[in-house]
Amino acid sequence: MTDTEIRKGLAGVVVDFTAVSKVNPETNSLLYRGYPVQQLTAKCSFEEVAYLLWNGELPTQQQLAEFTALERAGRALAPTLQAIIDALPKNAHPMDVCRTAASVLGARHELAEDSSPEANMKKAIDLWAAMPAVVAYDQRRRHGQGAIEPRDDLGYSANFLWMTFGEEQVPEVVKAFDVSMILYAEHSFNASTFTARVIASTLSDLHSAVTGAIGALKGPLHGGANEAVMYTFDEIGIRPQESLEEAAARAKAWMEDALARKKKVMGFGHRVYKQGDSRVPIMKEALDKMIAHYGRPELLGLYNGLEQAMDEAKNIKPNVDYPAGPAYHLMGFDTATFTPLFVASRITGWTAHIMEQQSSNSLIRPLGEYNGHEERAV
Ligand code: COA
């Protein structure tokens, strides 16, 4: 036995400084480079937030114009990448497709073996610009549809929706999507960001670090929760003609039964936030707008029923994946596409951390306390 304190899951362990974002569970707040996310979602586009995460400051008009030009120039799906995606089974998990695409984009990058700060910034922007085409095309090919060329007269979110659905979306839908991209962009030392930092700390390349981060995000205890929320809704049963009250009653009964069976219900709880996730009210407002826009009050019923029953039974609050799942569903995304949407956004936060890690690097290499067999002879 040992006196060494083991913190399972590194819970409560502070591993390094970061200037990228601050999660404060006491005040329920989240700051990106000092700015509250509430203000960023209200006043900025996702492109401005991406610039902020990478550069530490919001862009001037001139800087934004140059930055968006870079993003727009990198949106097309390269034929080689499309051929590689086509070689994957159509029922491959879309996160596997994203992970493969990130790896391919790394191997094909003109600066593949250059990890200077300038090269890393270019790689980060290129990867961020390229991922929507991958996510959109993967959803389309599952429906037997071809790829859609990007439109450089549209902003990031409007173009993402265009490439997925082949139709221009109304400003309310574009805004709700843009808000989700901003909220998913960054969240300090979560599991996937930590994965990216561990890989970056070996002085491996940026794409390797992002590829590993995508693997970490896939798990249902992390990013995979947004799709799991929708599977819960499906299990309860989505009945578009049902009233809000009827849907809420069925959802409550489902939750009571699930908790009685000690089931973990995805979309609830958080390792850091214990009194509620600061991003939920903003994403819930976006969801409310989508429910009103698409005229689907029964989804609000399911949402409310589960939330109330969980609160009453365990006082556990929803996390950001809970409102994001049904919002993406209403916009027309396949459930399996939800976590790749998270990837498209979080590329910004991951790469900001990769660059921060490499700017004052120390190899991340913790210890383990051995509790196996005593030494013995063969
Ligand atoms: N559903 C049911 N019970 C939950 C729960 C959930 N989503 N989240 C936490 N709990 C319960 C646990 O069962 C445990 O209860 P117990 O003490 O009676 O055993 C208690 O709350 C503490 O949970 P624990 O898993 O130890 O907390 P954690 O800090 O390690 O967990 C999460 C954080 C996110 C892993 C956890 O809340 C979870 O699995 N949530 C669902 C997945 C999810 O939505 N992930 C997205 C996060 S943004």
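All ligand and atom numbering here is 1-based and tracks the order in the structure.
Using a 3.5 Å distance cut-off with no hydrogens or angles, the side chains of Ser29 and Thr27 do pair a donor with an acceptor. For Trp54 and Thr351, the side-chain atoms include at least one donor-acceptor pair closer than 3.5 Å. Side-chain atoms of Gln139 and Thr164 form no donor-acceptor pair, as typed in the model, at a separation below 3.5 Å. In summary, the side chains of Trp350 and Ser192 do present a donor paired with an acceptor at a separation below 3.5 Å, with no hydrogens or angles considered. With hydrogens and angles left out, the side-chain atoms of Glu356 and Ser359 include no donor and acceptor closer than 3.5 Å.
Distance check for atom 1 (N) of ligand 1: a protein heavy atom is found below 4.0 Å. For atom 40 (N) of ligand 1, the protein comes within 4.0 Å by at least one heavy atom. Proximity of atom 32 (C) of ligand 1 to the protein is not indicated, since no non-hydrogen protein atom lies closer than 4.0 angstrom. Atom 17 (O) of ligand 1 lies below 4.0 Å from none of the non-hydrogen atoms of the protein.
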request  = Starting from the C-alpha separation in whole Å, work towards a yes-or-no answer on side chain to side chain contact (heavy atoms under 4.5 Å, CB included) for Lys317 and Tyr273.
outcome  = CA-CA 9 Å; Lys317 313 290 180 200; Tyr273 296 118; over 6 Å; no
key: Candidate pair Glu227 and Lys218, rule side chain to side chain contact (heavy atoms under 4.5 Å, CB included), full reasoning   = CA-CA 10 Å; Glu227 45 183 294; Lys218 183 182 175 188; over 6 Å; no
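Centroid-to-centroid, the aromatic rings of Phe165 and His143 stay 6.0 Å apart or farther. A centroid separation of 6.0 Å or more is found between the aromatic rings of Phe46 and Tyr51. In this structure, Phe189 has its ring center closer than 6.0 angstrom to the ring center of His353.
Closest to atom 47 (C) of ligand 1, if we only count protein heavy atoms, is Asn319 ND2, 3.6 Å. Atom 27 (O) of ligand 1 has as its closest protein heavy atom Lys274 NZ, 4.2 Å. The single protein non-hydrogen atom nearest to atom 7 (N) of ligand 1 is Val265 O, 2.7 Å, given as residue, atom name and distance. Closest to atom 9 (C) of ligand 1, if we only count protein heavy atoms, is Ile316 CD1, 3.7 Å. Annotation: atom 48 (S) of ligand 1 to nearest protein heavy atom, His270 CD2, 3.6 Å.
Proximity to Gly267 (heavy-atom distance under 4.0 Å) selects the following atoms of ligand 1: 43 (C), 44 (O). Residue contact check: Lys263 has heavy atoms under 4.0 Å from atoms 2 (C) of ligand 1. If you number the atoms of ligand 1 from 1 as listed, the ones under 4.0 Å from a heavy atom of Ala225 come out as 43 (C), 44 (O), 45 (N), 46 (C). Atoms of ligand 1 found under 4.0 Å from any heavy atom of Leu221, numbered from 1 in the order shown, are 39 (O), 45 (N), 46 (C), 47 (C). Heavy-atom contacts of Asp321 reach the following atoms of ligand 1: 46 (C), 48 (S) (cutoff under 4.0 Å).
Residue Phe268 has at least one N or O atom closer than 3.5 Å to an N or O atom of ligand 1. Annotation: Met266 places no N or O atom under 3.5 Å from an N or O atom of ligand 1; distance criterion only.
Remark: of the listed residues Asn361, Val15, Ile364, Ile364 is the sole one forming a side-chain contact (heavy atoms from CB on, under 4.5 Å) with Arg197.
Around atom CZ of Arg365, no more than 12 heavy atoms belonging to other residues, nucleotides or ligands sit under 6.0 Å away.
Nearest residue to atom 23 (O) of ligand 1 from Lys264, Arg279, Met255 is Lys264 (criterion: closest heavy atom). Selection from Lys317, Lys8, Arg271 by nearest heavy atom to atom 29 (O) of ligand 1 gives Arg271. Nearest-residue assignment for atom 13 (O) of ligand 1 (options Lys262, Lys314, Met310; heavy-atom criterion): Lys314.
Taking a 4.0 Å cut-off on heavy atoms, Pro220 registers as neighbouring ligand 1.
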